[in-house]
Amino acid sequence: MHSPTVGIDDFSVYIPQLFLSIEDLAVARELNYAKLNKGLGLEQMAVADTREDAATMAANAVLDLIHKNDLDPRTIGRIYLGTESALDGAKPTATYVLDMLKDHFADTYGGNCFLHCDVVDLTFACIGGVDALQNTLEWAAAKADRIGIVVASDEAKYEMASTGEYTQGAGAVAMLVKQNPRLLAIDPDFGVATRPAHDFFKPHRKVSKREIIKEVIGLLPDVSAEDMNLDQLEAQLANGLTVNGVLDCNESHLLIHKNTPVFDGPYSNESYQARIREALTDYRRRSGHKAGELLQDFDYLVFHLPYAFQARRMFSEIYMEELKANGQWIDFVDRNQLDVPCADNYEDREEYITKCGEFLRLVSKTEEYRQFVKERIAPGEWASSRVGNLYAGSVFLSLMATLEKALHLEETGDGKSICVFAYGSGSKSKVFGATLQPEWRTVASAFDLERRLDNREGISYETYEKLHRCTAAENVASHDEGSFFLADIHEERNESEGARHYGYASARIEPA
Ligand SMILES: CC(C)(COP(=O)([O-])OP(=O)([O-])OC[C@H]1O[C@@H](n2cnc3c(N)ncnc32)[C@H](O)[C@@H]1OP(=O)([O-])[O-])[C@@H](O)C(=O)NCCC(=O)NCCSC(=O)C[C@@](C)(O)CC(=O)[O-]
């Protein structure tokens, strides 16, 4: 049976209005800016404002997609959200997105205009958006008139002064998924590799009441925790069944969920490198593509980018394996006068593994590899340099950046193909192929990505720190009309505790 062409018809992006220059962060942290800029490709990081969260960013991206494509909300069968910045442990963030959109379109299409729209969150670190896409592609393939939206939205926030801080970012990418797409047809074969890992995660952190009491006593002048009867204080908090406060709860401890992850940078890089290699092998097994033909089969390679230069740094291993598979490796080694480490020369296995890592870095510094990066990978890097990590949205931002860059290249006609490498910590990679469709130029010309990034507002390091510490009471951006915002969070400890309410700031109409 002939299977229909399904894929992405259009993209919309929402990036917060505020950014911090990486140079200013480097000065504040006394870091070597050349390392961050030349080594990791960082220029700016998008910073979420006080009244922005994963739901507002997703809703803003979806709203733009709906307007751009003149969609009737009643025809949208699903909105699937990929996020690791969930606002609730049970209620999907996607329901908040739906709430905002429903209110926005109620006057035109009625208050029930999204009643039959299926929404859900998919979470798998940075790859949740790709999981949502794969699922929605299969759904759209099953029936001709199905229209689905996939949106990936996150705030990538790390502890201050950690090695993740300079990779931070925020934003959302929404995409329209349907049959006969104008932009990108996506092949049904997705290669996948999954191995449970603790390279980056956001656990529920367990804090005992005793620990909190000790910390509070430590803040008091002239009192020491040693002088207090901690057992008695703790026992006072476990009386009866009613919950009278934060510490006066029934459990012996509190579970705290933080947006900032626990992570091991070098290990996360190793996981990324291994998983994309394994997923590529699986992709070949499923699709029939052969080892050694990657650069013949695909014009561009697009990756999840936790920072702009991640892919170029991690891909050298696959590059080497490709050359080995197509018989060009020996010539490459000779031309570049490389000394290949040989296991027999090392008694210590660790030393040999270190040598192999150093050797791969040398491969990545060759002129041939640099040229390969310039042509196949770099077109997808520039937006990441200016935005930082979007977590679930990063791989899609990189796709948009590649297409917007390709607009300026005459030779990029329809029929050109892209191999996409997605990664999510924890850990999983998916590899899939996409092909540019005849109308891709018209669609990509309206992305407006570069102009949107140019129109943002730079903030000082001091303002960034306030936003990071959540001490700014109001939005900082001087211009935030035409977007959804977080109005308030219900604070009273009753049946509505924690409920979030959102609003929409209408765009100001400038006098003629
Ligand atoms: C990613 C790391 C580990 C990087 O760690 P790091 O210590 O910042 O950087 P590094 O030392 O590994 O590399 C610095 C590069 O700068 C170069 N350099 C040095 N000095 C100079 C100079 N003066 N001039 C020019 N270049 C310079 C240096 O040579 C090197 O480049 P190389 O040669 O290796 O290509 C860190 O930023 C980190 O911990 N980040 C957070 C975790 C992360 O992003 N991991 C990435 C993989 S996991 C992932 O992608 C999933 C994730 C994070 O998105 C989460 C999810 O799935 O939800």
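Remember, it's 1-based here, ligands and their atoms both numbered in the order they're listed.
Ring geometry, Y464 versus Y461: the interplanar angle falls from 30° to 60°, so the pair is classed tilted. In this pair, F447 and F11 present their aromatic rings perpendicular. The plane angle is above 60°, beyond the 30 to 60° band. H289 and Y283 have parallel rings, their planes meeting at less than 30° on a 0 to 90° scale where 60° marks the start of perpendicular. Between F421 and F315, the two ring planes are perpendicular [angle over 60°; tilted spans 30° to 60°].
Proximity to T167 (heavy-atom distance under 4.0 Å) selects the following atoms of ligand 1: 37 (O). Within ligand 1, counting atoms from 1 as listed, the ones closer than 4.0 Å to a heavy atom of Q310 are 46 (C), 47 (C).
Inspection of the Q310 and N269 side chains reveals an N or O donor paired with an N or O acceptor under 3.5 Å. No side-chain N or O of S427 forms a donor-acceptor pair with one of D199 less than 3.5 Å apart. Side chains of S21 and Q44: no donor on one and acceptor on the other come within 3.5 Å. Looking only at atom types and distance, the side chain of Y96 has no donor-acceptor partner in the side chain of D88 under 3.5 Å away.
With a 4.0 Å heavy-atom cut-off, ligand 1 is reached by no atom of F309. Of the heavy atoms in T163, both backbone and side-chain atoms come closer than 4.0 Å to ligand 1. Residue-level proximity to ligand 1 for I127 is absent, since no heavy atom of it falls below 4.0 angstrom. Contacts of N389 with ligand 1, taken as heavy-atom pairs under 4.0 Å, involve the side chain alone. At a heavy-atom distance under 4.0 Å, only side-chain atoms of R313, from C-beta outward, approach ligand 1.
Here atom 53 (C) of ligand 1 lies nearest to Y158 when heavy atoms of Y158, Y33, F201, Y267 are compared. Across the listed options G357, G164, G39, G39 owns the non-hydrogen atom lying nearest to atom 15 (C) of ligand 1. One option in L42, V395, N269 has a heavy atom closer to atom 47 (C) of ligand 1 than any other, and that option is N269. The closest heavy-atom contact to atom 24 (N) of ligand 1, among the options A34, S162, A311, comes from A34. The closest heavy-atom contact to atom 55 (C) of ligand 1, among the options C126, S364, A392, comes from C126.
The closest approach between any non-hydrogen atom of R312 and ligand 1 is not below 4.0 Å.
Counting only heavy atoms of the protein, atom 20 (N) of ligand 1 lies nearest to K35 CB, 3.3 Å. Nearest protein neighbour of atom 44 (O) of ligand 1, counting heavy atoms only, is P306 CB, 3.6 Å. Of all protein heavy atoms, the one lying nearest to atom 43 (C) of ligand 1 is S268 OG, 3.8 Å.
Note on residues 183-195: pairs passing side chain to side chain donor-acceptor pair (under 3.5 Å), not counting sequence neighbours, are R195-E278.
On a distance-only criterion, R361 and ligand 1 share at least one N/O pair closer than 3.5 Å.
Residues meeting the side chain to side chain contact (heavy atoms under 4.5 Å, CB included) test with D448, sequence neighbours left out: R451, R452.
For K91, the NZ atom sits in a packed shell: over 12 heavy atoms of surrounding residues, nucleotides or ligands are nearer than 6.0 Å.
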